[in-house]
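Here the structure comes first, spelled out in structure tokens, and everything after it is commentary.
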Amino acid sequence: MTENQKMDALRFRNQMRTLVGSFPSLRGYLDIDQIGFDLDRFSEFADSVTGVHEQAIHAAAFVESVAVGEDREFDFIGAYKAWDAPHHAAFFRWCHSPFYPPVVTDDQPAADD
């Protein structure tokens, strides 16, 4: 992994940490301040909270979609109906300044290298 790739990965991780923290229903993600954003750990966390709070279901689906750079299970209409004003604000902050996972091209080594 090149230095630029490392910086891009670190920037994305920090952006994801900020995104998760901006959704009130996801603020219980304990590892966010210690290790930053980790998709596998976040997915486990999301599975544990989604049965508790409808707002968390939609927030977690949105965060996971951003993390992988593609639509997963995110339902915008359902989310908008379920979310309160702070959740709307978190979503629209991302819409105003969206970010995506760093792109690794075929001629670049993967992040695990």
Q. Judged by modelled atom types alone, do Arg11 and Asn14 share a side-chain donor-acceptor pair under 3.5 Å?
A. no
Q. For Tyr100, which residues count as a ring-ring contact (aromatic ring centres under 6.0 Å, His included) partner, sequence neighbours excluded?
A. Trp94
(Q) Please confirm whether the ring centroid of Phe74 lies under 6.0 Å from the ring centroid of His58. (A) no
**Q.** Which atom of Leu26 lies closest to which atom of Ala59, heavy atoms considered
**A.** CD1-CB, 3.6 Å
Q. Linking I/L/V/M/F/W/Y whenever their side-chain heavy atoms sit closer than 4.5 Å, directly or via other members, would Leu19 and Val68 fall into one cluster?
A. yes
Q | Phe91 ring center near Phe76 ring center (under 6.0 Å) | A | yes
Q. Do side-chain atoms of Gln55 reach the backbone of Ala82 as a donor and acceptor pair under 3.5 angstrom?
A. yes
Q: With rounding to the nearest 0.5 Å, note down the distance linking CD in Glu54 to NZ in Lys81.
A: 8.5 Å
Q.
Treating Glu64 as the side-chain partner and Ala61 as the backbone partner, does any N or O pair qualify as donor plus acceptor under 3.5 Å?
A. no
Q.
Quick check: do His87 and Ser25 have side-chain heavy atoms less than 4.5 Å from each other?
A. yes
(Q) Please report the interatomic distance NE2(His88) to SG(Cys95), rounded to the nearest 0.5 Å. (A) 11.0 Å
Q: Side-chain contact test, heavy atoms from C-beta onward, threshold under 4.5 Å: evaluate it for Phe12 versus Met16 and give yes or no.
A: yes
Q: Run the numbers on Ser22 and Arg93 for side chain to side chain contact (heavy atoms under 4.5 Å, CB included), then give the verdict.
A: CA-CA 9 Å; Ser22 70; Arg93 271 192 299 277; 3.5 Å; yes
Q | Shared hydrophobic cluster, Phe62 / Ile77 (ILVMFWY, side-chain heavy atoms < 4.5 Å) | A | yes
**Q.** Minimal non-hydrogen separation, Ala67 against Pro101, with atom names
**A.** O-CG, 3.2 Å
Q. Do Lys6 and Leu10 have side-chain heavy atoms sitting under 4.5 Å apart?
A. no
